[in-house]
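Before any comments, here is the structure.
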4 protein chains.
Amino acid sequence: MPSKKEKPTFIEEARRKQIVDAALQTIAGQGYSQTSFAEIAKSLGITKGLIAYHFKGKQDLIASVLRTIIDNQAAYLRSKLVTYESATDKLRIYIIASLEYIETNRAHFVALVDLWGSFTSPEEKRAFNKTFYGPCISQLQEIIQLGQQTGEFGPFDPKILTHILQGALDGVMLQWVFDPNVYRLTDCTDELVETFLHQVLRKS
Amino acid sequence: MPSKKEKPTFIEEARRKQIVDAALQTIAGQGYSQTSFAEIAKSLGITKGLIAYHFKGKQDLIASVLRTIIDNQAAYLRSKLVTYESATDKLRIYIIASLEYIETNRAHFVALVDLWGSFTSPEEKRAFNKTFYGPCISQLQEIIQLGQQTGEFGPFDPKILTHILQGALDGVMLQWVFDPNVYRLTDCTDELVETFLHQVLRKS
Amino acid sequence: MPSKKEKPTFIEEARRKQIVDAALQTIAGQGYSQTSFAEIAKSLGITKGLIAYHFKGKQDLIASVLRTIIDNQAAYLRSKLVTYESATDKLRIYIIASLEYIETNRAHFVALVDLWGSFTSPEEKRAFNKTFYGPCISQLQEIIQLGQQTGEFGPFDPKILTHILQGALDGVMLQWVFDPNVYRLTDCTDELVETFLHQVLRKS
Amino acid sequence: MPSKKEKPTFIEEARRKQIVDAALQTIAGQGYSQTSFAEIAKSLGITKGLIAYHFKGKQDLIASVLRTIIDNQAAYLRSKLVTYESATDKLRIYIIASLEYIETNRAHFVALVDLWGSFTSPEEKRAFNKTFYGPCISQLQEIIQLGQQTGEFGPFDPKILTHILQGALDGVMLQWVFDPNVYRLTDCTDELVETFLHQVLRKS
DNA sequence: AATGAATGAGCATTCATTCAT
DNA sequence: CATGAATGAATGCTCATTCAT
């Protein structure tokens, strides 16, 4: 393990990223239970000792993988959302961008679901949930509350609807991730936008 | 392993069920990665040799666990659906019963998600998906198509809506399974019924 | 690991003893730092998995080794001491038997010194010391105090003399254990008996 | 590793000493088995590569540590002994100084005992013994033989008594090193001086 | 002189699986 | 039917050592 507090060197940073990416691909490709240091190392043509050199342990490595997945997705969503003003537009683009992202980063989602199995205790699972869901949920809830403040959206429980919409997105992505041939993701996008926009815009 | 073709004895059947149940609870409680034969055996007060005797291997055991989860849920849904005639009623009860079932059988869903990690190759994962989602999806799709035939429901792509509704259900259950304190499942039920009934009943 | 509370089977007990003995010999022969499960297993023609099956871990195994060494020696000394009545005789036989025991069980002492290195923290080392030295010291101190009560021995600080005599015994054994050719152990016995009996018998 | 034959530079010499000292403290503090290059390097704020650069290998380093311990003690004893003329005085001061040295350099003795475990083969252990015990024993034996030549001491086997006295010293130090609270080292000093001076001075 | 990236062998430990009893 | 002894492959991890920079 390199020195603790000093800023990491260029080569160090590059290796870490390389290993994290390989880990992510291995998890997505072979499942978490088959993702050993040896397997990751083999896929990179390095030794497993090198992975242990760059990461404090397996937990550290998968935490980094998780971080990467979450941060990437969050950054993508944020970059899309900033260009729109109205809550209606933001909500539409949130749905579209969420599915778009998964379509081009399927491995991320596969790995994410698999990683769930790496947390053994209920406490760890809850923490994992918070880390992963937290940012999405709050981003979405802000949009919905914005819509209610501006009067664009009707009166409904914002928290419940947030979770249902996010749930619908995740559920749809999940099925597609399980089997990409089950439907075209874009067809779902349209239907989801229609269903939920219609629902939030109802005034009575 | 008992003889291949003979019908299983009573005790044989009981043991298998006992072991499958213990496996399910262990997976839900400690996670799949912590679920060894030894762990299951300990929770039953038997030896791991006995588990190996009754099942061809670990894959065989978890396949049985999976079967149990799926069959139980399917049976529950079916028993609820038969008492209703109209597609609208059937759809409402499908949503309600799905969430009801998970609320009283949370361990099943926890185990199900965890078990996803036990499939290593993409092919296995796809097969798992077919086995698990298949029955739910076709049951739901039948209801929706029924509604369109009777004229209760409006004109929309039945397949896509089926997947979106099922996805919304799964997504909502998933979040609740991750953290039971995130919302009351019944609150979601109402909102889901309202959202989707409104959507399918639209005529234009 | 076999069942926790039930009495161990015959074969279980035999294996454990066999493994403990092999561990002791390996430690004495190659040093603790070279004593791996693999090494012990190789010397027995079994697999290292079997050692892990019979012992909870390495700590458990070396604790058993330690126990064996200490108990054996203590039992030997006790069996010798009971046949004598007077403190003078007991003291003489304590010295003689201590060296006798080491002469026929050199490996025990070699292993004992080596095992010291297996305890990393000062607390562990102190505990080790208590476990090992405690029984010897108290046995010896009882003899000396007996001698002072019966009037056989003169007036001196019994605790200090106990430690000095035990120290002399250990030091002499240590040198001989390091290099058996340095002197004949029996020559030391005579001189030690003479030196210390003379010392304790002094009345003024 | 620096060039073989050239005399070492000032900085080279300083580094080696610094590393040897750190190694000694680490061994005494955490035990030999926990003393890795990384651990020593960390305690000095340098990299383990640097240690490998200054020493041929781990064996080389611990040999240097050993040398330091032995030479320091020998130098201390010699400096004390030269100021006395008679064998009786020399013997008394040998005992006193030996215990004095350990009292102020406890870490040296702790490390010494721990280092015993770093020698794997019986041959290495014997060599270690010779290196360590040799100087002490010959110094002590010279004193005793001097006393017999001058007629101060009585007629006894000088070799055996040398070893017994040295053994007593080591044994007493060992117990105190194991647990400094077991007795005050100075109390032992007095008793040891009394016991052994009385013994060597006996004329019959 | 010194660093830090990289190696490769070795470690204790876990576990599904086999099989004689 | 059931046990428990035994295996062997795999896992995460440690560490002395090497070497280009």
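Hydrogens, waters and symmetry mates play no part in the numbers below; they use all other heavy atoms, side chains included. The chains referred to below are lettered A, B, ... by the order of the sequence lines, with proteins before strands, and numbering in each begins at 1.
Atom CZ of Arg15(D) and atom C1' of dT3(E) are 12 Å apart (whole Å). We find that NZ of Lys56(C) is positioned 12 Å from P of dT14(E), with the value rounded to whole Å. We find that NE2 of His54(C) is positioned 17 Å from P of dA12(E), with the value rounded to whole Å. One can place CD1 of Ile51(B) at 12 Å from C1' of dC15(E), the figure rounded to the nearest angstrom. Per the geometry, CZ belonging to Phe10(A) stands 14 Å off C1' belonging to dA5(E), to the nearest Å. dG8(F) atom C1' lies 12 Å from atom CG of Leu50(C), rounded to whole Å. As rounded to whole Å, 13 Å separates atom C1' of dA6(F) from atom CD of Gln18(C). The CZ-C1' distance, from Arg16(A) to dG4(E), rounds to 15 Å in whole Å.
Glu13(D) is linked by a side chain to side chain donor-acceptor pair (under 3.5 Å) to nothing, counting only residues two or more places apart in sequence or in another chain.
Side-chain N or O atoms of Glu124(D) include one that pairs as donor or acceptor with a backbone N or O of Thr120(D) at under 3.5 Å. Proximity of a side-chain donor or acceptor of Gln25(C) to a complementary backbone N or O of Asp21(C) within less than 3.5 Å is not detected. Side chain of Gln34(D) to main chain of Gly31(D): no donor-acceptor pair is present (N/O by atom type, distance under 3.5 Å, no hydrogens or angles). A donor-acceptor contact shorter than 3.5 Å links the side chain of Arg16(D) to the backbone of His54(D). No donor-acceptor pair closer than 3.5 Å links the side chain of Ser118(B) to the backbone N or O of Asp114(B).
Contacts between residues 31-49 of chain C and DNA chain F, defined by a heavy-atom separation under 4.0 Å, are made by Ile46(C), Thr47(C), Lys48(C), Gly49(C).
Phosphate contact (OP1/OP2 of dG4(E), side-chain N/O of Thr9(A), threshold under 4.0 Å): absent.
Of the candidates dG12(F), dA12(E), dA6(F), the closest approach to any side-chain atom of Lys58(A) belongs to dG12(F). Taking the side chain of Tyr53(C) as heavy atoms from C-beta on, and the options dT17(F), dA6(F), dA12(E), the nearest nucleotide is dA6(F). When distances are taken from the side chain of Ile11(A) to each of dA5(E), dA12(E), dT17(F), the shortest belongs to dA5(E).
The base-pairing partner of dA2(E), taking Watson-Crick or G-U wobble contacts with both distances under 3.5 Å, is dT21(F).
Between Tyr32(D) and Trp116(D), the distance from one ring center to the other does not fall under 6.0 angstrom.
Comparing Gly57(B) and Gly57(C) by the nucleotide of DNA chain E whose heavy atom lies nearest to each, the residue mapping closer to the 5' end is Gly57(C).
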